[in-house]
Number of protein chains: 4
Amino acid sequence: MTAGVSSSAHRNGPVRSDDARRAILMATAEQFMAKGYERLTIQGIATAAKVGKQTIYRWWGGKADLVAECLVEGVLWDSGMVVGDTGDVVQDVATWLRLLLDVDQSGAGESLRSLLGAAAGDESLARHLDDLMRGQLEGGITRRLRLAHERGELADQVDVALTTELLLGLVMVRTLARRPSRTEELEGLVRLLLDQR
Amino acid sequence: MTAGVSSSAHRNGPVRSDDARRAILMATAEQFMAKGYERLTIQGIATAAKVGKQTIYRWWGGKADLVAECLVEGVLWDSGMVVGDTGDVVQDVATWLRLLLDVDQSGAGESLRSLLGAAAGDESLARHLDDLMRGQLEGGITRRLRLAHERGELADQVDVALTTELLLGLVMVRTLARRPSRTEELEGLVRLLLDQR
Amino acid sequence: MTAGVSSSAHRNGPVRSDDARRAILMATAEQFMAKGYERLTIQGIATAAKVGKQTIYRWWGGKADLVAECLVEGVLWDSGMVVGDTGDVVQDVATWLRLLLDVDQSGAGESLRSLLGAAAGDESLARHLDDLMRGQLEGGITRRLRLAHERGELADQVDVALTTELLLGLVMVRTLARRPSRTEELEGLVRLLLDQR
Amino acid sequence: MTAGVSSSAHRNGPVRSDDARRAILMATAEQFMAKGYERLTIQGIATAAKVGKQTIYRWWGGKADLVAECLVEGVLWDSGMVVGDTGDVVQDVATWLRLLLDVDQSGAGESLRSLLGAAAGDESLARHLDDLMRGQLEGGITRRLRLAHERGELADQVDVALTTELLLGLVMVRTLARRPSRTEELEGLVRLLLDQR
DNA sequence: ATCTAAGCGAGACGGTACGTCCTGTCTTGAG
DNA sequence: CTCAAGACAGGACGTACCGTCTCGCTTAGAT
C-alpha cells in the first residue's frame, strides 16, 4: 500500500470517461450561472454536455451533487476576492466588504443567492460550500486580519475567526435581503469590530 | 371617486371566500413544515385544502406568494423568541442566541433553512421575511439591547441595529452550514460585541 | 329531467376532449401502419397528436389499449373484404381466400402480422381483434357460406362457423409463416371443405 | 483444408466459448418461459448467463436470433405431443387436438402466444418456427394421418398436409383468441375433416 | 324576481422534467 | 482474439406538477 495501490481488487472494463465528467461539470456551471439553481435541469445539462442522462445519474445523485462538485472543482466561484494591504486594516477590511456587497448588487449576487438556496436544501452541498468559503476567506480576509493582529493593530480580545464569521454573516443577511449598504456604515461597522477600545 | 358615489365600478357576484383562503394558508403552512419549500406543490396544497387549483392561482402567483402570506399571517414562524431580562445583558443575549441555535440543531432549523432557501429564490418573499424578522427582533433582542444601552451597560459606540444584524447573520451562517455552537463560544462572542472596552 | 338520465352522480368540471381522443387514435393508426406495433411509442403518438403524454395515460393503459380502440373504431382495418356471389360457392370462397393471402404477400400483411403479434401479448386486444374479425367475417364469407347452405350447394354436414374458422386459421398460419399459396391449391382446399361428398 | 495442414490462415486466440453459448441459450429459454418474448431483454439474459452483453451481440443479432436458436436447439418447445394409435383415427386426432388446446388453456399457452408474437415480428424466427412445427407435426399428427390414409380409413380426397395445416391453423386461432374448445365440437370437426363421405 | 357575472370544486389539457430501464457500441484488462 | 464487466450516447418509459382552461354549480348585487 506504500506508494503503489495494491493492484488486486481491480475492476476490469472501461473506466470513467473524464471527457464526459468535465463536459457535465462545465455544462452545470454554465447553466447555473445562466439560470440559477432552481431552474437547472438534469435533462438540460445532459443535452448541453452531449451526454446521456444516465451518465449523470451514474456518478451523481442529482443537481445538488453536481453543483457541489462544481464548487469543489472551482468551476463555479471565480471570486478570488483578494484583500489589499494598505497598512490600515480597517480601511482594507471595509473595502473588501464593500466590494463583496457591491458585487452582490450587481449580478453575481443572484448566483450567490442561488447557491445559498441550494445549500439550504442540501446538507452535503452546504458543507461543501461552507468549506469552500472558509478556505477562500482563510486565504483572504482571515489572513489580513491575522497579519493585523501580529502587527498589534487589533485589540487583544478580537477573535479573528469569529470576526470573519460575523462579516460573512453580514454579507449573507444583506445578500438574501437584497439590502444595499452604505460605505460609511460599513466603515463604522468594521471600526467597531476591530478597532475597539 | 371623490365623494364615493353609490353606483359605478361595483362588482356583483360572490366575493372571495375566506374559508378557502384560510384553508389554503393552513395547508401551505402544514406542507411547508412537513416537506420544506422545495417540495411544496400547488397541487398538493389544493388537494389538502379541498380547493380547486384555480382558486389558488386566482389570488396568488405561486408558492412564493403563498409562503410569503403565511409569514405575514404568522401561520408560519411561531418563534416569539422572547429575550429575558436578568439584568446581565451579556447573559441574556447569549442565552437567546444559544436557544436560537439549539432550536436549529433540533428540527425547526430545517424550516428556517427552507425559508432561507425560498428567500434566496424569490425577492418579494425575501423582503417579507426580512421585514418580519426585523419586526420580531425589534420586539425581542433589539429592545433588550436598547434597554441595556439606556442603562449604560453597553459601550457608547455599540450600534444596536448593527449588532442585531450581526447576530442574525451569525445565526444564518451557522444554520445554513449546520454547524453547532458551543455555549462558551457564544458568550465570548456576545461579550466581544457588547462589553467591549 | 323528464326522459333524461338520472341526473345525480354527475361529475362537474371539464369533459373529455373528443378532439384529443380522435387525434390520438388517428396518430396511433398512422404510426401503426407505418411502423407496426412493436415500434409504436406513446411518446411518438403524443407528439404526432399534439397532445401531452398524460392525456394518453389518463384514458388508456398503453399501446395495446390504444390499438384495441383503433380496431373497435375501425380506424385500423379498412378491409371490407367482400365476397362475390357468382353462383359457384367454391369459386367465390377460393377467390376471397386468394385475395386475402395475396394482400398479405403485398404490404398489408405486415400490418396483420403486427396485429397478431400484439394480440399474442395482450388478452384484451386479442378479444377485440377476435370480435372484430368474426364480425367482419359474419358480413362476408360467413354470409356467403350460409347462403350457399340454404341453396343446398353444401353438403349437410358442413358447419358454416367452423369452416369459417378453419379458413381464418389457414390465413393466419400462412401469414405468420410468410408462405405464399398457389391458386390451385386453394381451390382444392375449398372444394375439400365445402364440396365434399 | 484436405489434410488440415498445420500453419496457414490459422486464427490465434481462444475460440468461441461453448460454455457461454449454452449459458446464454439456457438463460434465454428460462426468461422466455418466465416473461414472454416482449419482456425479454438482452441485458437480463446477459446478467442471468453471467456473460458480457458483447458476447451476445458478437454471435447473435438480437432477441429474435436468440429465440430462434433456442427453438432449433430444442431448448424451448418440449412438446413432443405424440399422437396415439387406437385404430380409430378420428378419436386419435381429436384427442391430440384437445390436448393441444387444453395445454393452451393451462399455462403453456402463454409461451405459444409469445412465440407467435415473436414470429409475427421477425421473419427468420417465423421461418424457424414454421420449420420446427412442420417437423414436429411430421413426426406426430401427419404420420398418424398418413398411416390412416394407407389403411384406407380416410376418404381419397383428404390431403394429409393440408389437413395438418388446417388443424394447426385452428389451434393458432383459438390460442390467440384465448377461446376454449368443447370436446364434442372438436370431435365433430375432426370427423368432418377426415371421415367425410 | 330575474338576471348577470364572479367565485367555487373539480379536473382535463399541452407541456416539461423526472429518475429508471434498455439498446447497441465501445473500452479495458485478463486469459 | 474471446471473454466478463460495464461505461457510453441515445431514447422510451410511466409519473408528478406546472399553469391554463372549462365545466356546472352557487351566490349576491343590479335591474
Side-chain angles (χ1 to χ4, degrees), chain A residues 10-17 19-21 23 39-47 49-59 61-63, chain B residues 6-7 10-17 19-21 23 39-47 49-59 61-63, chain C residues 10-17 19-21 23 39-47 49-59 61-63, chain D residues 11-17 19-20 23 39-47 49-59 61-63:
Chain A
H10 237 338
R11 253 203 351 84
N12 278 11
V15 96
R16 177 171 184 179
S17 154
D19 279 11
R21 179 172 167 280
R39 293 164 52 187
L40 268 186
T41 70
I42 299 285
Q43 209 108 281
I45 293 168
T47 303
K50 299 194 174 185
V51 141
K53 254 198 303 178
Q54 194 57 46
T55 300
I56 297 183
Y57 284 111
R58 200 180 342 267
W59 303 110
K63 298 198 289 180
Chain B
S6 56
S7 65
H10 234 338
R11 278 198 325 91
N12 41 351
V15 292
R16 178 172 184 180
S17 152
D19 278 12
R21 180 172 167 279
R39 291 164 51 186
L40 265 187
T41 68
I42 300 285
Q43 207 112 280
I45 292 168
T47 303
K50 300 196 174 185
V51 138
K53 260 197 303 176
Q54 191 58 29
T55 301
I56 297 183
Y57 284 111
R58 206 189 326 273
W59 305 109
K63 297 200 288 182
Chain C
H10 237 336
R11 247 205 356 84
N12 278 11
V15 97
R16 177 171 184 181
S17 153
D19 278 13
R21 180 172 166 278
R39 293 165 50 189
L40 268 186
T41 69
I42 300 285
Q43 209 108 279
I45 293 168
T47 303
K50 299 194 174 184
V51 142
K53 255 199 302 178
Q54 194 57 46
T55 300
I56 297 182
Y57 284 112
R58 203 185 333 271
W59 304 109
K63 298 198 291 181
Chain D
R11 277 196 322 90
N12 43 353
V15 290
R16 176 171 184 181
S17 151
D19 279 11
R39 292 165 48 186
L40 264 186
T41 69
I42 300 286
Q43 206 115 280
I45 293 168
T47 303
K50 299 196 174 183
V51 138
K53 262 197 304 176
Q54 191 58 23
T55 303
I56 297 183
Y57 284 111
R58 205 186 329 272
W59 303 110
K63 297 200 289 182

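Letters A, B, ... are given to chains in the order of the sequence lines, protein chains preceding strands, and every chain is numbered from 1.
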Only residue of C:I45, C:I56, C:D19 satisfying side chain to side chain contact (heavy atoms under 4.5 Å, CB included) with C:V51 is C:I56
Given protein heavy atoms under 4.0 Å, the one-letter contact record of nucleotides 21-26 of chain F, with B base, S sugar-phosphate only and - none, is simply BBBBS-
Between E:dC22 (C1') and A:R58 (CZ): distance, integer Å:
12 Å
Over all heavy atoms of both residues, which pair between C:I42 and C:G62 is shortest? Give the atoms and the distance, please.
CD1-C, 4.1 Å
Expressed as a whole number of angstroms, how long is the span from C:I56:CD1 to E:dG15:C1'?
13 Å
Atom CZ of residue position B:R58 - does it have more than 12 heavy atoms of other residues, nucleotides or ligands inside 6.0 Å?
yes
Nearest heavy atom decides the nucleotide; on that basis, is C:Q43 or B:G62 closer to the 5' end of DNA chain F?
C:Q43
Is the charged tip of C:R16 near the ring of C:W59: under 6.0 Å from the six-membered ring centre and within 45° of its axis?
yes
Tell me: CZ of A:R21 to P of F:dA9, nearest whole Å?
14 Å
Rounded to whole Å, NZ of B:K50 lies from C1' of E:dG7 at a distance of 20 Å
To check you understand the geometry: which heavy-atom pair defines the closest contact between D:K63 and D:L40, and what is its length?
CD-O, 3.4 Å
Please give me the minimum heavy-atom distance between A:A46 and A:G52, naming the atom from each residue.
CB-C, 4.3 Å
D:I45 atom CD1 is separated from E:dT23 atom C1', nearest whole Å, by 13 Å
Would you please confirm or rule out a distance under 4.0 Å between OP1 or OP2 of F:dG6 and any side-chain N or O of A:W59?
no
Nearest-nucleotide check on DNA chain E, C:A20 vs B:A20; residue mapping nearer the 5' end is B:A20
Determine: side-chain N/O of B:S17 to OP1/OP2 of E:dG7, distance under 4.0 Å, yes or no.
no
Just to confirm, is there a sub-4.0 Å distance from OP1 or OP2 of E:dT16 to any side-chain nitrogen or oxygen of A:T41?
no
Could you check how far CD1 of A:I42 sits from P of F:dG10, rounded to whole Å?
17 Å
Indicate, with a heavy-atom threshold strictly under 4.0 Å, whether B:R16 touches base, sugar-phosphate, or nothing.
sugar-phosphate
When rounded to whole Å, the CZ to P distance for the pair A:R39 and E:dC18 reads 14 Å
For the helix from E:dA1-F:dT31 to E:dG31-F:dC1, what is the angle between the axes at its two ends, each from 5 pairs, rounded to 10°?
10°
